[in-house]
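See below for the structure under consideration.
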Amino acid sequence: MGIETLFVLVLAVFAKESIPKANWVIAMGTFIACTILKLAVVSGKSAVPNGHNFARDFRIDSECWLWVGAVPCTMCSKKLSEAGWTTSMILANRYYGIILLSFFATFDIFFKYFSGNISWIIVVTAVGVMLRLNLLQIGIQYCSPLVVMVSL
């Protein structure tokens, strides 16, 4: 956490956009605060009860890279919105990717669990994916990519 705010600004620099100093301060502050929090957890000096060995479990895993991958997605969604695409047009294309990635990630167990859990799959899809992404896309439409990444 925190690196995606810096990544937004780095991409903006490569796109030759002017970036206010306040945005750099916000991004650096977010990154430093997240780093301090992570170091507190890793060193065992956080409010987490004793007995958890977070230092052993600490690693940069795939979730970290997913957050960094959210930056280009957010910036592309913003550009599409500025180009006149509606929220539903953008989300329709995002859903294709989500459906394909989800299917490939769960291919080995998909058919085994699908029939017995169809009602939960529909509920999670509607509330956990469609509603959340719809609200996120509306936020992307009205906010800068930096504000979106800090909010996430």
Side-chain angles (χ1 to χ4, degrees), residues 1-107 120-152:
M1 296 301 299
I3 196 146
E4 69 272 359
T5 55
L6 286 175
F7 193 57
V8 166
L9 298 182
V10 168
L11 288 179
V13 166
F14 283 119
K16 297 183 183 359
E17 296 176 14
S18 98
I19 303 163
K21 288 182 182 180
N23 286 4
W24 285 106
V25 170
I26 291 168
M28 287 301 298
T30 304
F31 178 74
I32 290 168
C34 289
T35 302
I36 290 169
L37 290 171
K38 192 150 270 213
L39 290 173
V41 170
V42 170
S43 68
K45 296 180 180 169
S46 69
V48 177
N50 290 336
H52 297 284
N53 188 350
F54 287 103
R56 179 196 70 220
D57 297 334
F58 178 73
R59 65 191 180 283
I60 296 178
D61 57 12
S62 60
E63 186 176 336
C64 172
W65 301 114
L66 288 175
W67 280 105
V68 173
V71 173
C73 185
T74 299
M75 295 180 86
C76 288
S77 291
K78 179 71 173 176
K79 295 257 187 228
L80 290 172
S81 179
E82 290 170 350
W85 284 45
T86 65
T87 299
S88 58
M89 290 167 62
I90 295 169
L91 287 176
N93 291 297
R94 284 181 84 166
Y95 288 143
Y96 298 140
I98 289 170
I99 290 167
L100 285 173
L101 287 173
S102 298
F103 181 73
F104 287 124
T106 61
F107 181 77
W120 284 110
I121 291 170
I122 291 171
V123 169
V124 169
T125 300
V127 177
V129 178
M130 294 174 71
L131 177 63
R132 183 181 63 82
L133 282 178
N134 224 344
L135 294 174
L136 175 62
Q137 188 59 46
I138 292 169
I140 289 171
Q141 182 178 357
Y142 293 105
C143 299
S144 71
L146 179 67
V147 170
V148 172
M149 288 293 104
V150 169
S151 299
L152 288 174

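The figures here come from the full heavy-atom set of this structure, side chains too, leaving out hydrogens, waters and symmetry mates.
Applying the side-chain hydrogen bond (donor to acceptor under 3.5 Å, both in side chains) test to residues at least two apart or on different chains, the pairs with a partner in residues 138-149 are Thr87-Gln141.
Legend: residues meeting salt bridge (charged side-chain N to carboxylate O under 4.0 Å, His left out) with Glu17, ordered by chain and number and at least two apart, are Lys79. Applying the side-chain contact (heavy atoms from CB on, under 4.5 Å) criterion to Val13, with sequence neighbours excluded, gives Ile19, Trp24. For Cys143, the side-chain contact (heavy atoms from CB on, under 4.5 Å) test picks out Val147, Val148, with sequence neighbours left out. Partners of Ser88 under the side chain to side chain donor-acceptor pair (under 3.5 Å) rule, at least two apart in sequence or in another chain, are Thr86. Applying the side-chain contact (heavy atoms from CB on, under 4.5 Å) criterion to Leu133, with sequence neighbours excluded, gives Leu91, Arg94, Tyr95, Ile98, Val129, Leu136.
Panel note: side chain Ser81, backbone Ser77; no donor-acceptor pair is recorded below 3.5 Å.
Here the NZ-CD distance, from Lys78 to Gln137, works out to 9.5 Å after rounding to the nearest 0.5 Å. Between the SG atom of Cys76 and the CD1 atom of Ile140 there is a distance of 10.0 Å, given to the nearest 0.5 Å.
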